[in-house]
Amino acid sequence: MSFRTRRMVEFRDTDAAGIVHFSAFFPWMESAEHEMLRSLGIKVLPESHDDPSVTWPRVSVSCDYANVARFEDWLDIDVSVVKTGRSSVQYRLAFSRQGGDGGVIPIATGTIVAVCCRLRPGGGLEKAVIPDDIRAKLDAV
Ligand SMILES: CC(C)(COP(=O)(O)OP(=O)(O)OC[C@H]1O[C@@H](n2cnc3c(N)ncnc32)[C@H](O)[C@@H]1OP(=O)(O)O)[C@@H](O)C(=O)NCCC(=O)NCCSC(=O)c1cc(O)c2ccccc2c1O
């Protein structure tokens with residue numbers, strides 16, 4: 001199973017060559033991940049340092065590019081959980097668009113590894129085991 005969302009390519013996402021700049025994919029990857037977490041009822045960020053809920057700093061992010069995308073293209077983003085570890089979760093974010101013939105054109109594939117952490121007073125991060133209820137939700141994606 002995966003979570004699907006969409007983004008339209010805005011003018012600001014494109015470069016002098018008229019195609020989506022490589023860096024534009026990273027905010028889309030992040031906001032698609034957050035949208036998926038919210039859809040599962042998982043808080044993206046604790047409200048305060050006293051809030052016992054967890055936070056998800058990333059330790060690795062990458063993106064591979066297969067085909068170009070252009071201004072006003074609609075991109076489908078399929079978010080899936082590749083694996084959950086003790087504290088880490090690896091997401092795959094597959095970008096694609098519809099071709100003129102109705103086929104699917106792969107555009108890019110991103111990977112994010114986030115680590116479940118609790119916020120320490122003062123703002124430090126402490127790695128934490130992914131809580132069972134959250135793991136069960138993530139493993140279903
Ligand atoms: C996050 C840390 C506190 C972890 O510390 P520690 O060194 O103890 O971690 P480990 O080495 O034990 O690894 C934990 C866990 O992750 C796996 N892992 C680590 N590195 C990689 C990697 N490169 N690739 C793949 N996997 C990796 C490792 O195998 C372990 O897996 P287990 O499942 O076995 O436990 C510490 O690393 C730290 O503080 N790092 C800096 C984090 C940081 O500053 N990141 C950039 C900014 S974070 C950010 O931008 C951000 C964006 C968001 O969208 C957020 C959304 C919601 C909340 C927060 C967000 C956020 O902070």
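Computation of the quantities below employed the complete heavy-atom set of this structure, encompassing side-chain atoms and omitting hydrogens, waters and symmetry-equivalent molecules. When a ligand or atom number is given, it counts from 1 through the structure's own listing order.
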Verify same cluster id: F26, W28 (apolar side-chain graph, 4.5 Å): yes

Return the CD to NZ distance between Q90 and K83, rounded to the nearest 0.5 Å. 6.0 Å

4.5 Å side-chain heavy-atom contact, D73 and I107: no

Do the side chains of V9 and R70 get nearer than 4.5 Å, heavy atoms only? no

Nearest atoms (heavy-atom pairs only) where Q98 meets G102: OE1-O, 3.2 Å

Indicate the ring-plane relationship of F25 and F95, choosing parallel, tilted or perpendicular according to the 30° and 60° boundaries. perpendicular

Can you work out which protein residues put a heavy atom within less than 4.0 Å of ligand 1? E30, H34, V44, L45, T55, W56, P57, R58, V59, S60, G85, R86, S87, S88, V113, V115, C117, L125, K127

